[in-house]
There are 2 protein chains.
Amino acid sequence: MKEEPRYRRIAEELRHAIAEHAYGPGGRLPSEGALAEQYGVSRGTIRQALMLLRHDGLVTSRRGTRRVVLDDAPVQDFAQMQSFARWARSIGEVPDGVVIRQGWHRADDEEQRHLRIGEGAQVFRVLRLRHLSGRPAMLERTSYPEPVGAIVEPLPTDTVSVTEFLERGGVYVADAEHTIDLVRADAEDAEHLHCLAGDPLLRERRRSTDPAGVPLEWSEDRYLPGRVAFVVHNSLASTPLTRHHTIPAPE
Amino acid sequence: MKEEPRYRRIAEELRHAIAEHAYGPGGRLPSEGALAEQYGVSRGTIRQALMLLRHDGLVTSRRGTRRVVLDDAPVQDFAQMQSFARWARSIGEVPDGVVIRQGWHRADDEEQRHLRIGEGAQVFRVLRLRHLSGRPAMLERTSYPEPVGAIVEPLPTDTVSVTEFLERGGVYVADAEHTIDLVRADAEDAEHLHCLAGDPLLRERRRSTDPAGVPLEWSEDRYLPGRVAFVVHNSLASTPLTRHHTIPAPE
DNA sequence: CAGTGGTCTAGACCACGGG
DNA sequence: CCGTGGTCTAGACCACTGC
């Protein structure tokens, strides 16, 4: 069992206090000094905890006044964003996953670029259909570089959570970059998602990396519209969301 | 003129050094101690600077080894994400905006909730069409609460950047929450974006707040597909991106 | 004006990675 | 084992808000 650092545990306590409306919404948090005394830690540690809440958009912070509690609490952690199965369970749905096709291939240009691998390298491609409580929700095309692919390959095709299995194998995701846009269903999408070719889908392309910055997967996920939305919090303190121009592809 | 804090200026310098491939990609940054000495500041200040780069996904960080430079540099700041005009200029396009309709109304339920205002309150609604280098790109339906609406109302209808005007009026955005999903064009969308009713559009709903957490605007922006994508960086260190379940609306 | 959060310092100890 | 970043402390001064 790992011991979480002090500031994370404090942040967790404050999260719960806020969720139970101990202060607001619109209410004011105690001052940093008061919290430091209350928890028996230094002000610096309290500030680390509050920084976490700030990045999640749970509290404001400005010089001169106490922090103000915002009403909306987007309570979701990195693990839930990273794993379809975990996310589904957290919203009370039953996740499900079926491999439609998988195999080793020579990496194409896009895979070489996103997985940062050389020209001759092999990747393990998996086409997987995801259900939410029995209904098709998303079609996932994932490419794994050699070492990760070797771990994924022997998995049963109805494995619900690949992420959780990889973690047991010591593969941890630390960072992910997501690109969200819109795409039209191709014949394969249509077949598995039970829609028509040409129907619009919400697309999330994702590259996940380990703590050392080494790419672990490159995935293109296509969601049926109307069942899922992506929420991002952006602020002066940290700006993880950017808008990108895309060249109209000739397709 | 405002003096930027030391750690922000250092982060800026490191950003440039990285952009000019002084270390990588894949290279290692100097140790925190070395940087502290080099810049003549304490290690804590260096850590603040590096934290900024980490949140943007520019460098890794793990105990035991030096930080590693990642190759992709998403160089875009909060101001560019917040303002269509600024963003357009930063990618070398000419922004343009035309008000199609505007006026005061009683806030509906959604506006009351998102702008955190009472039942009788008035909002100023603006329907604005945005161009990128002359071609329609996005249709924007924004609601401003009373005080902000009063500032926006007298603006000429071809004002390119409302955000920049508001800043000159002392209205600063500090936080924004974005929800991204897919929607079908209605008759009005189709007319102004030159597409067909029913065509899919990329939708970004946004609430912006000031440093005190007071809502400044609630907006629903609909983008023509293929010209824009949203990019988010997510990590164990901060998780601003979440996936949300939406109830299939009967509309 | 007093109280707040923002910045910064100069230390300390520890957990972890890699040789 | 050494060097690294992660955590934490106990101070200090300043900028800003709100009374």
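To find a chain, count down the sequence lines: A is the first, B the second, and so on, and within it residues start at 1.
At dT7(C), one or more side-chain N or O atoms of Tyr7(B) fall inside 4.0 Å of OP1 or OP2 (strictly under the cut-off). Note on Arg47(B): a side-chain N or O is less than 4.0 Å away from OP1 or OP2 of dG6(D). In terms of phosphate contacts, Thr45(B) brings no side-chain nitrogen or oxygen within less than 4.0 Å of OP1 or OP2 of dT7(C). Taking side-chain N and O atoms only, Arg67(A) has a distance below 4.0 Å to OP1 or OP2 of dG6(C). Here Thr65(A) does not reach the OP1 or OP2 of dC16(D): none of its side-chain N or O atoms lies under 4.0 Å away.
No donor-acceptor contact under 3.5 angstrom links the side chains of Thr163(A) and Gln82(A), judged on distance only. Using modelled atom types, one finds a donor on one side chain and an acceptor on the other under 3.5 Å when comparing Ser61(B) with Arg54(B). A donor atom on one side chain and an acceptor atom on the other are found under 3.5 Å apart for His233(B) and Asp175(A).
Nearest to the side-chain atoms of Ser61(A) among the listed nucleotides dC8(C), dT9(D), dG6(C) stands dG6(C). Nearest nucleotide to the Arg63(B) side chain, out of dC16(C), dA10(C), dG5(C): dC16(C). Taking every side-chain heavy atom of Pro5(B) into account, dC8(C) is the closest of dG5(D), dC8(D), dC8(C).
Each of Val41(A) and Glu32(B) has a nearest nucleotide on DNA chain D; the 5'-most of these lies closest to Glu32(B).
Spacing between atom CE of Met51(B) and atom P of dG5(D) amounts to 12 Å, rounded to whole angstrom units. The CG-C1' distance, from Leu50(B) to dG6(D), rounds to 13 Å in whole Å. Atom CD of Glu37(B) and atom C1' of dC8(C) are 18 Å apart (whole Å). Arg9(A) has its CZ atom 19 Å from the P atom of dG6(D), to the nearest Å. Following rounding to the nearest Å, Arg28(B) (CZ) and dG19(C) (C1') show an atom-to-atom distance of 12 Å. Look at CZ on Arg62(A): it is 12 Å from P on dG5(C), rounded to the nearest Å. Remark: C1' of dG6(D) and CD1 of Ile46(B) are 16 Å apart, rounded to the nearest angstrom. The nearest whole Å value for the distance from the CD1 atom in Ile10(A) to the C1' atom in dT9(D) is 13 Å.
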* Test log, rule salt bridge (Lys or Arg N to Asp or Glu O under 4.0 Å), inputs Glu32(A) and Arg67(A) -> CA-CA 9 Å; Glu32(A) 295 179 356; Arg67(A) 286 184 165 78; 2.9 Å; yes
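For dG17(C), the base has no donor-acceptor partner in the side chain of Arg66(B) [N/O atoms by modelled type, under 3.5 angstrom].
Within 4.0 Å (heavy atoms only), Arg43(A) reaches at least one base atom of the nucleic acid.
When the options Glu146(A), Gln122(A), Glu153(A) are evaluated for a side chain to side chain donor-acceptor pair (under 3.5 Å) with Trp104(A), the one that passes is Glu153(A).
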